[in-house]
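Worth knowing before you read on, the calculation uses all heavy atoms, side chains too, and leaves out hydrogens, waters and symmetry mates. Everything numeric in this text was worked out from a predicted model, so none of it was measured.
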Amino acid sequence: MRRAQILGTGLYAPERVVPNAYFDEMYGEDVSSFLVERRNIRERRYAADDQATSDLVVEAARSALAAAGVEAGDLDLVIVATDTPDYLSPSTAAIVQHKLDATGAGSFDVNTACAGFVTALDIANKYIASDDPERPQYRRVLVAGAYLMSRFIDYRHKNTATLFADGAGAVVLGPGSGPTGVLASDLETRGEFAEHMGIYVGGAAAPASLERVEAQEHLLQFREKFPREFNREAWSAVARRLADRIGVAVSDVDHWVFTQINVESIGEAMDALGQPMEKAVLVMDRYGYTGSACVPMALADADAQG
């Protein structure tokens, strides 16, 4: 059976380092202790004023391409997962394709918030798996996750403003067979939470206006709290389903990569799976929460460490 294999990984974190002390000074109180002890965040990166989401992707993509030994001109498809695109239209992936000079590649964006990268990876795997092996169209596919949330942070809310950061991660995929590659996937949507957190101004439902911008409604909003147990239960459930689907015990898994928004939720999910925390890949201590980018950034970081 054909399936996608990861040929190379890459990540990019902008040069500007923002330590927790930045927020201690901003809010005139110690927020660093909570961030370190409860969120495992010590610092994060913010993009420069002249950088867009596509620029972050390009840097991560170049690292992934170099690791894979693949030229940009060899790419057949570029998929970018982000909910902080350069523009509503055109797609960020089209801009990345042009900046990389990947002239032979098709492109499109995927927006499923923090599930973006794994969704894009699943899509790319299906492109490769269903391709004609005699006349393949998708021999090299770039999948990236990117986040530039610093442009949308509402600093009036210290409990959330301190979490978010910018970055990008990417992988280059190619066809393979046998026991390696993307073995299984499982996508689940809980649309009833769509109004809990998001950027709700700028689309067709609420077009941008001077009044909305002046009221700072265009910034990231937390409208309702998510159930405390949601991540633990949802993450451990999908992990068990995937392990069962490929016929392995949960204990056989060597490394777990979760979205990096809350180290406590990761710990609870690992505990629910009966697995030691040492198996979890963590990067939020250096990069904060980078949404669609955090899973490929964690993959690249783990890859770099062997």
Got a donor-acceptor contact below 3.5 angstrom from the [X] side chain to the [Y] backbone?
| X | Y | answer |
| --- | --- | --- |
| Ser91 | Asp109 | no |
| Ser292 | Cys114 | no |
| Asn125 | Ala4 | yes |
| Asp76 | Val141 | no |
| Arg2 | Ile128 | yes |
| Gln260 | Val283 | yes |
| Ser63 | Gly10 | no |
| Arg140 | Val172 | no |
| Gln97 | Ala105 | yes |
| Asp86 | Ser54 | yes |

Neighbour count above 12 (heavy atom, 6.0 Å) for [X] [atom1]:
| X | atom1 | result |
| --- | --- | --- |
| Arg286 | CZ | yes |
| Glu224 | CD | yes |
| Glu192 | CD | yes |
| Asp132 | CG | yes |
| Glu29 | CD | yes |
| Phe222 | CZ | yes |
| His255 | NE2 | no |

[X] [atom1] to [Y] [atom2] distance, which is reported to the nearest 0.5 Å:
| X | Y | atom1 | atom2 | answer |
| --- | --- | --- | --- | --- |
| Ile41 | Leu163 | CD1 | CG | 5.0 Å |
| Asp254 | Gln275 | CG | CD | 10.0 Å |
| Ser185 | Ile123 | OG | CD1 | 10.0 Å |
| Asp154 | His218 | CG | NE2 | 9.0 Å |
| Asn262 | Arg232 | CG | CZ | 12.0 Å |
| Asp122 | Phe117 | CG | CZ | 11.5 Å |

Following the transitive rule for hydrophobic clusters with a side-chain heavy-atom cut-off under 4.5 Å over Ile, Leu, Val, Met, Phe, Trp and Tyr, establish whether [X] and [Y] coincide in one cluster.
| X | Y | result |
| --- | --- | --- |
| Val143 | Leu100 | no |
| Val257 | Leu173 | yes |
| Val78 | Tyr138 | no |
| Leu65 | Val57 | yes |
| Leu35 | Ile266 | yes |

Would you check if [X] and [Y] make a side-chain contact, meaning some heavy-atom pair closer than 4.5 Å?
| X | Y | value |
| --- | --- | --- |
| Thr160 | Leu220 | no |
| Asp83 | Phe152 | no |
| Arg45 | Val18 | no |
| Glu268 | Arg228 | yes |
| Glu264 | Asn231 | no |
| Pro14 | Leu56 | yes |
| Phe226 | Met197 | yes |

At their closest point, which heavy atom of [X] faces which heavy atom of [Y], and how far apart are they?
| X | Y | result |
| --- | --- | --- |
| Ile153 | Ala161 | CG2-CB, 3.5 Å |
| Ala269 | Ser236 | O-CB, 4.2 Å |
| Gly167 | Thr290 | N-CG2, 4.2 Å |
| Gly145 | Ala293 | O-CB, 3.4 Å |
| Val110 | Gly116 | CG1-O, 4.2 Å |
| Ile79 | Ala120 | CG2-CB, 3.7 Å |

Going through the distances and angles, do Tyr155 and Leu219 end up as a side-chain contact (heavy atoms from CB on, under 4.5 Å)? CA-CA 10 Å; Tyr155 289 101; Leu219 301 177; over 6 Å; no
Show your reasoning for whether salt bridge (charged side-chain N to carboxylate O under 4.0 Å, His left out) applies to Asp55 and Lys99. CA-CA 8 Å; Asp55 296 312; Lys99 288 181 176 179; 2.8 Å; yes
Distance alone, cut at 3.5 Å: any donor-acceptor contact between the side chains of Thr119 and Thr112?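 Side chains of Thr119 and Thr112: pair found under 3.5 Å.
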I'd like to know if the side chain of Asn20 pairs up with that of Arg44 as donor and acceptor (distance under 3.5 Å, no hydrogens or angles considered). yes
[X] bridged to [Y] by N-O distance under 4.0 Å:
| X | Y | result |
| --- | --- | --- |
| Arg151 | Asp166 | no |
| Asp186 | Arg241 | yes |
| Arg240 | Asp244 | no |

Measure the acute angle between the ring planes of [X] and [Y], then classify it against the limits of 30° and 60° as parallel, tilted or perpendicular.
| X | Y | answer |
| --- | --- | --- |
| Tyr147 | Phe164 | tilted |
| Phe258 | Trp256 | parallel |
| Phe193 | Phe230 | perpendicular |

Test Thr103 against Asp101 for side-chain contact (heavy atoms from CB on, under 4.5 Å), laying out the working first. CA-CA 5 Å; Thr103 54; Asp101 198 27; 3.2 Å; yes
With side-chain contact (heavy atoms from CB on, under 4.5 Å) as the criterion, how do Met284 and Arg39 come out once you've worked through the C-alpha distance, each side chain's angles and the decisive distance to 0.1 Å? CA-CA 8 Å; Met284 72 272 278; Arg39 295 294 179 262; over 6 Å; no
Run the side-chain contact (heavy atoms from CB on, under 4.5 Å) check on Thr162 and Met26 step by step: do they pass? CA-CA 11 Å; Thr162 54; Met26 175 183 291; over 6 Å; no
Is the cationic atom of Arg16 (NZ for Lys, CZ for Arg) positioned less than 6.0 Å from the six-membered ring centroid of Tyr22 and within 45 degrees of its normal?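 So Arg16 does make the cation-pi contact.
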